Amino acid sequence: EDQVTQSPEALRLQEGESSSLNCSYTVSGLRGLFWYRQDPGKGPEFLFTLYSAGEEKEKERLKATLTKKESFLHITAPKPEDSATYLCAVQGNTGTASKLTFGTGTRLQVTL
Amino acid sequence: DAGITQSPRHKVTETGTPVTLRCHQTENHRYMYWYRQDPGHGLRLIHYSYGVKDTDKGEVSDGYSVSRSKTEDFLLTLESATSSQTSVYFCAISEGHPYNEQFFGPGTRLTVL
């Protein structure tokens, strides 16, 4: 069974204070690892897909990296508008081919 | 934004009544999904569809049924609503391999009294 664990559950940063969110996973044959951002009362917004260990992707202040056991979402010089819950999900090779297994998220608050 | 709408956006109902939630997409994507999101559980897959009239169960399918008679519409029915089905329900779509990322709708908040 695929599993995803995200840490920390919550993180409070000051504006400009860089940090990283962790996503640890176990999966039978990784098809993809996905990062989403979710604002309160809204649906998850797609950020990145990573397919293989060593891959990195960037978007503005966010950079996602992948190893064989975990992924990190690095946030450089965050701003208050980066405050949101960040979700990680994996898709494995077995079982329901289209199924994503989600973690419970990291709630990020960035203050002035 | 991906062209996904959900209706209704909010609903309050009573235990034992049937409820149908609708998901509509304008992207012509093959795959459609229904998830529920509850505190401490993350997003969990209820049912999904891989084409018109082709559906399959997810990990929390008991008490739910789905139908897809057109590419653009995916309906989720709670046959007899229970308080444990109080949740936020999200619809998602994807093109399928190799574009496996899923795009989510705005959600429906359902309260069962």
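Proteins get letters first, then strands, A, B, ... in listed order; numbering begins at 1 in each. These figures come from a predicted structure and were not determined experimentally.
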Okay, R30(B) and chain A: the region with an atom under 4.5 Å from a heavy atom over there is neither
Cluster check V60(B), L78(B): I/L/V/M/F/W/Y, side chain < 4.5 angstrom:
yes
Check: Do other residues, nucleotides or ligands put more than 12 heavy atoms under 6.0 Å from the NZ atom of K42(A)?
Finding: no
Correct closest heavy-atom pair for T104(A) and G42(B) would be CG2-N, 3.8 Å
Within a radius of less than 6.0 Å around CD of E59(B), do more than 12 heavy atoms belonging to other residues, nucleotides or ligands occur?
yes
Under 4.5 Å to a heavy atom of chain B? For Y51(A) that would be side chain
Closest non-hydrogen contact found for F90(B) with G43(A) is CE2-CA, 3.3 Å
Note to self: Are more than 12 heavy atoms, taken from residues, nucleotides or ligands other than R107(A), located less than 6.0 Å from that residue's CZ atom?
What the structure shows: no
- Message: Taking CD in Q109(A) as the centre, count heavy atoms belonging to other residues, nucleotides or ligands within less than 6.0 Å. Is the count above 12?
- Response: yes
Turns out that what part of Q6(B) lies under 4.5 Å from chain A's heavy atoms comes down to neither
Honestly, the part of Y35(B) sitting under 4.5 Å from a heavy atom of chain A is side chain
When rounded to the nearest 0.5 Å, the distance separating CD of E101(B) from CG of L100(A) is 10.0 Å
Okay, Q38(A) and chain B: the region with an atom under 4.5 Å from a heavy atom over there is side chain
Value for CD (Q102(B)) from NZ (K99(A)), rounded to nearest 0.5 Å, stands at 10.5 Å
**Request:** Answer yes or no: does atom CZ of R61(A) have more than 12 heavy-atom neighbours from other residues, nucleotides or ligands under 6.0 Å?
**Result:** yes
request  = Could you tell me whether E81(A) atom CD has more than 12 heavy atoms of other residues or ligands within 6.0 Å of it?
outcome  = yes
